[in-house]
Structures are given as C-alpha cells and as structure tokens.
Amino acid sequence: MPLLQHAGALLSLALVFWTGSSLFAVLHPGTVLVLTRGGQDREAESQGTAPESRIRLQGGLMSLAGLLLLALPMLM
C-alpha cells in the first residue's frame, strides 16, 4: 500500500508541474515563443499577437485540465 501512496504523490507532483508550466505560458506567451525559437527574439516581434493568443488559449486549457485532475480525488 505505501507504493500506491508514493505513486499518488508523484502523480500529484507531476500535475502541479504541468499546471504551473501551463500558467506560465498563459502569463508570459512572448517568453514561450522566444524559448521555442531558441532565443531568437526578432522573429517573435515580427509575427504579432496571433501566436501569443494561441499560446494563451492552449496554456489556459492545459492548466484547467491539470486543475481538474488535481481536484478529481476531492470530488469523489
């Protein structure tokens, strides 16, 4: 039974990391774009806000999914 508790704790830790990373993408989409391009900031400026809004949407959905999965045991 302790093995099951450890697995649950590791899963919770992974979900917290998932949610935190997604929230970072929602709050700092420009930084995420620069990081995905390998640090080339010139391309991020020229493309406008369309990729940033897509990153905000995807990050928000992933964050919501992480929060729901974290809250799932409390709902049962």
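This chain uses plain numbering: 1 for the first residue, then up along the sequence. Scope of the values below: all heavy atoms of this structure, side chains included, with no hydrogens, waters or symmetry mates. This one's a predicted model, so the numbers in the text were calculated from it and none came from an experiment.
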J.: Applying a strict under-4.5 Å side-chain criterion to I, L, V, M, F, W and Y, I'd like to know whether L11 and L70 cluster together.
T.: yes

J.: My understanding is that only residues two or more places apart in sequence, or in another chain, count here; which of them pass side-chain contact (heavy atoms from CB on, under 4.5 Å) with S21?
T.: F17

J.: Not counting sequence neighbours, which residues clear side-chain contact (heavy atoms from CB on, under 4.5 Å) with L23? List them please.
T.: T19, S63

J.: Atom CG in L15, atom CG in L10: separation rounded to 0.5 Å?
T.: 11.0 Å

J.: I'd like to know if L61 and L67 are part of one continuous hydrophobic network [Ile/Leu/Val/Met/Phe/Trp/Tyr, side-chain heavy atoms within less than 4.5 Å].
T.: no

J.: When rounded to the nearest 0.5 angstrom, what distance separates OG in S53 from CD in Q58?
T.: 10.0 Å

J.: Hey, what do you get for CZ (R56) to NE2 (H28), rounding to the nearest 0.5 Å?
T.: 9.5 Å

J.: Output all residues satisfying side-chain contact (heavy atoms from CB on, under 4.5 Å) with I55, sequence neighbours left out; order by chain, then residue number.
T.: A25, P29, V32, L33

J.: Name the residue from L27, L35, V34 that meets the side chain to side chain contact (heavy atoms under 4.5 Å, CB included) definition with T31.
T.: L35

